[in-house]
Amino acid sequence: MKTLLAIVTLTSLLSACAGLKQPTQPANAASAAATSGTGTKANADATTDADGNPDDTVADAKTSDQSKETLPNVALSEEILFKILSSEIAFQRGQWQAAYVTLMSTAQQTRDPRIAKRAAEMAVTARSPGDALNAVRLWSELAPESGEALQNYLGLIILTDNLTEIEPILVQRLQAATPAVRGPLILQMQRYLTRAKDKAGAFALLERITMPYADILETHLALAQGAAANGDMPRARAEADTAIKIKPDSEMAILTQAQLIQDQPQAMALIKEFLRKYPNAREVRIAYARSLVEQKQYDEARGQFEILLKKQPDDLTTIFALGLLNAQTEHPKQAEKYLTQYVKALADRPNDPRDPAQALVILSQLAEQRNDTQAALKWLEQIEPGDDSYLGAQIRRAQLIAKSGDLAGARKSLAQIDATGEADQIRVTLADSQILRDANQPKAAFDVLAEALKRFPENVDLLYDQAMVADKLSDWGLMESNLRRLITLAPDNQHAYNALGYSLADRNTRLPEAYELIQKALSLAPEDPYITDSLGWVQFRMGNLADAEATLRHAFTLRGDTEIGMHLGEVLWMQGKRDEAQTIWRTVQKQEPDNAALKETLTRLKVHL
């Protein structure tokens, strides 16, 4: 099983943000009018950063003790209401400039920051950063205490690299912040400044605004990140070291320090020592476990997640991680236990946004491994339509039905799939043809592919699969025609070159051409074990037994596949190395005792294992 983990472990120190936030709940009729209609769409476009990631707030509920915006005491007159509503109507009709100008003048007239905010949203939706910046300037002027206004002001200023304009505002905000808020605010300011094109200027600005707060942990964390973004790694490491000295048990500080160490074993040793001193450092332990996963040290990672689970037995992320890790490390019973617990917990939490589909797929695979086809089918049936895994689950369901011996039921299941798009239709067709091939019905599989090629004549997957079936039917002319057509359509498709070259080599015909085709495939995928196997086989056919042996040994090292071992065994057999040949054949026979090609080889060579 090749499933790896996707575990959430980055601290807030490493996140980034920009763009306008979604509007707050309207406080009165004026703000309700200003945020109605297309306001939702405007803000949907404005709530992601430059990388398309969800935004965060400079002064959110967790880090700000600022009071709510002070709103002007202005009655909602007919004139103001008319201007707001007419602006929204104009905006809906695509006349955003007129709507923007009206709202800007109304915001200046009423001194209401919410109207300026709405004008900014319109400008952002219209992709007009200059107008958005003007509106945000007004919004910040009318609501100087607003963290949201500052956030958007910062984001737009950074886009224009006008750092001098924002400096006095940052200084003022830091001075006004309470001690509890100042540290997180410094970190968030640093994240904005990292987005500036002028990295050196942004770092110099960060140094100036944080100079009065040298005794704060977050100042040195921010400077460490800023220096790293500026390419000054010695300074970054020095600042991280200072942060650790200020607060030796800081999880953010140790993660920053480890992040800046280029030698991975050294960084891991640092984290491990920190956990020895501070075993309850949850974020650090999660980061350590994730690093172990990235290094494929799955058993050690599993141990770390088990420690995490003891501390928080109901944490679904940890439960899911343990399910995946146990599956990865071939502990199927434990994997099934954790993944079943995860799926049941999500069923009890209908509002939880997490998707159980991946867990259900793995549970199905685990059931299949223990030959419990009915259980495998039941897990797949729980994946709901609309899920990204749904089509794959339905195809796998049909394959399991076929595996149980019900070919008609399997094909009926595939026919019932609502595959509307071209890609989905082709995927279902390929699955249908493969089920027929597995059932030793190559002619029926060929006909399924031929029918699909009438609708999608240039689909490379259909052409390739039909070529493979044509080879089984000994229709080598059509096979070659399909593969050459595929090469024309996709000249970098190594599989087409390899398939044609191998077919020629296997039939012991046009060997120089076969060699050239396989060499072309290998140039496109140098370490592909199957293409390497093809090269060894054509070398064998050409009589170069020593080269063939070396090539096939390398292929078998890359992947201990049954047919690669079969070829290597035959080359060794023909060189008189019969004991080693039989050892390799026995090894691969245990993997696939019913492999038809291996049986044919052993029969042809009159070998009894």
| request: Determine yes or no for a side-chain-to-main-chain donor-acceptor pair under 3.5 angstrom, with Arg182 supplying the side chain and Ala177 the backbone. | output: yes
| CA sep, side-chain torsions, deciding dist, call: Tyr100, Asn134, side-chain contact (heavy atoms from CB on, under 4.5 Å) | CA-CA 11 Å; Tyr100 170 85; Asn134 288 333; 3.6 Å; yes
| said: Could you tell me if the side chain of Met268 sits less than 4.5 Å from the side chain of Ser291, heavy atoms only? | reply: yes
| Do Leu449 and Leu430 have side-chain heavy atoms sitting under 4.5 Å apart? | yes
| Atom CG of Leu270 and atom CG of Asp263: how far apart are they, to the nearest 0.5 Å? | 11.0 Å
| note | Interatomic distance, CG@Leu217 vs OG1@Thr242, rounded to 0.5 Å, equals 10.5 Å
| note | Shortest non-hydrogen pair, Leu339 vs Leu324, comes out as CD2-N, 4.3 Å
| task | Could you check if a side-chain atom of Thr318 sits within less than 4.5 angstrom of a side-chain atom of Gln312, using non-hydrogen atoms only? | result | no
| query | Do the side chains of Asp131 and Gln97 get nearer than 4.5 Å, heavy atoms only? | reply | no
| task | Report yes if some heavy atom in the side chain of Glu239 is under 4.5 Å from a heavy atom in the side chain of Leu221; otherwise report no. | result | no
| field | Pair Gln257-Asp241, side-chain donor/acceptor within less than 3.5 Å | value | yes
| Do NZ/NE/NH1/NH2 and the carboxylate oxygens of Lys117 and Asp112 come within less than 4.0 Å? | no
| remark: Separation between CZ (Arg349) and CG (Asn351), nearest 0.5 Å, reads 11.5 Å
| query | Are Arg455 and Gln425 linked by a side-chain donor-acceptor pair shorter than 3.5 Å? | reply | yes
| For the side chain of His220 and the backbone of Ala214, is there at least one donor-acceptor N/O pair under 3.5 Å apart? | yes
| Looking at side-chain heavy atoms only, is the closest gap between Phe91 and Thr125 below 4.5 Å? | yes
| task | Starting from the C-alpha separation in whole Å, work towards a yes-or-no answer on side-chain contact (heavy atoms from CB on, under 4.5 Å) for Trp139 and Arg114. | result | CA-CA 7 Å; Trp139 178 15; Arg114 295 165 298 184; over 6 Å; no
| message | I'd like to know if Lys247 and Glu218 make a salt bridge, using a cut-off of under 4.0 Å between side-chain N and carboxylate O. | response | no
| field | Under 3.5 Å donor-acceptor, Thr210 side chain and Tyr213 backbone | value | no
| message | Within this structure, what is the OG1-CD distance for the pair Thr488 and Glu458, rounded to the nearest 0.5 Å? | response | 10.0 Å
| message | Any non-hydrogen side-chain atom of Asp315 less than 4.5 Å from a side-chain atom of Ile319? | response | no
| Atom of Asp198, atom of Leu163 and distance for their closest heavy-atom approach | O-CD1, 4.4 Å
| For the student: nearest non-hydrogen atoms of Ile186 and Ala222, plus distance | CG2-CB, 3.7 Å
| said: Using side-chain contact (heavy atoms from CB on, under 4.5 Å), reason through Met211 and Val171 one step at a time and then give a plain yes or no. | reply: CA-CA 10 Å; Met211 192 178 298; Val171 169; over 6 Å; no
| field | Leu486 CG to Leu463 CG distance, which is reported to the nearest 0.5 Å | value | 5.5 Å
| field | Which atom of Asp352 lies closest to which atom of Leu316, heavy atoms considered | value | OD2-CD1, 4.1 Å
| message | A side-chain contact here means heavy atoms from C-beta on lying under 4.5 Å apart; do Asp461 and Asp465 qualify? | response | no
| query | Is Arg93 paired with Glu88 through a side-chain N to carboxylate O contact shorter than 4.0 Å? | reply | no
| task | Show your working on side-chain contact (heavy atoms from CB on, under 4.5 Å) between Glu141 and Arg111 and close with a plain yes or no. | result | CA-CA 9 Å; Glu141 175 190 333; Arg111 312 303 291 170; 2.9 Å; yes
| task | Could you tell me the separation between the CD1 atom of Ile395 and the CG atom of Asp432, rounded to the nearest 0.5 Å? | result | 10.0 Å
| query | When you measure from the side chain of Ser87 to the backbone N and O of Thr102, does any donor-acceptor pair fall under 3.5 Å? | reply | no
| query | Looking only at side chains, do Tyr153 and Glu165 share a donor and an acceptor under 3.5 Å apart? | reply | yes
| request: For the pair Glu251 (side chain) and Glu283 (backbone), establish whether a donor and an acceptor sit closer than 3.5 Å, ignoring hydrogens and angles. | output: yes
| query | Can you check whether Ile383's main-chain N or O pairs, donor with acceptor, with Tyr390's side chain at less than 3.5 Å? | reply | no
| query | Just by distance, do the side chain of Asn493 and the backbone of His495 share a donor-acceptor pair under 3.5 Å? | reply | yes
| query | Taking everything shown except Glu207 itself, do over 12 heavy atoms lie less than 6.0 Å from its CD? | reply | yes
| For the side chain of Ser128 and the backbone of Val124, is there at least one donor-acceptor N/O pair under 3.5 Å apart? | no
| said: Quiz question: by atom type and distance under 3.5 Å, do the side chains of Gln259 and Gln225 form a donor-acceptor pair? | reply: yes
| query | Any donor and acceptor pair, going by atom type alone, linking the side chain of Asp232 with main-chain N or O of Ala228 inside 3.5 Å? | reply | no
| Is the closest side-chain donor-acceptor distance between Arg354 and Thr317 under 3.5 Å? | yes
| query | Closest heavy-atom contact between Leu170 and Leu205? | reply | CD1-CD2, 4.4 Å
| query | Taking atom types as modelled, is there a side-chain donor on Lys83 or Gln109 under 3.5 Å from an acceptor on the other? | reply | yes
| query | Which atom names give the shortest non-hydrogen contact between Ala253 and Ile244, and what distance separates them? | reply | CB-CD1, 3.6 Å
| Quick one: does Lys199's side chain have a donor or acceptor within less than 3.5 Å of a partner on Thr194's backbone? | yes
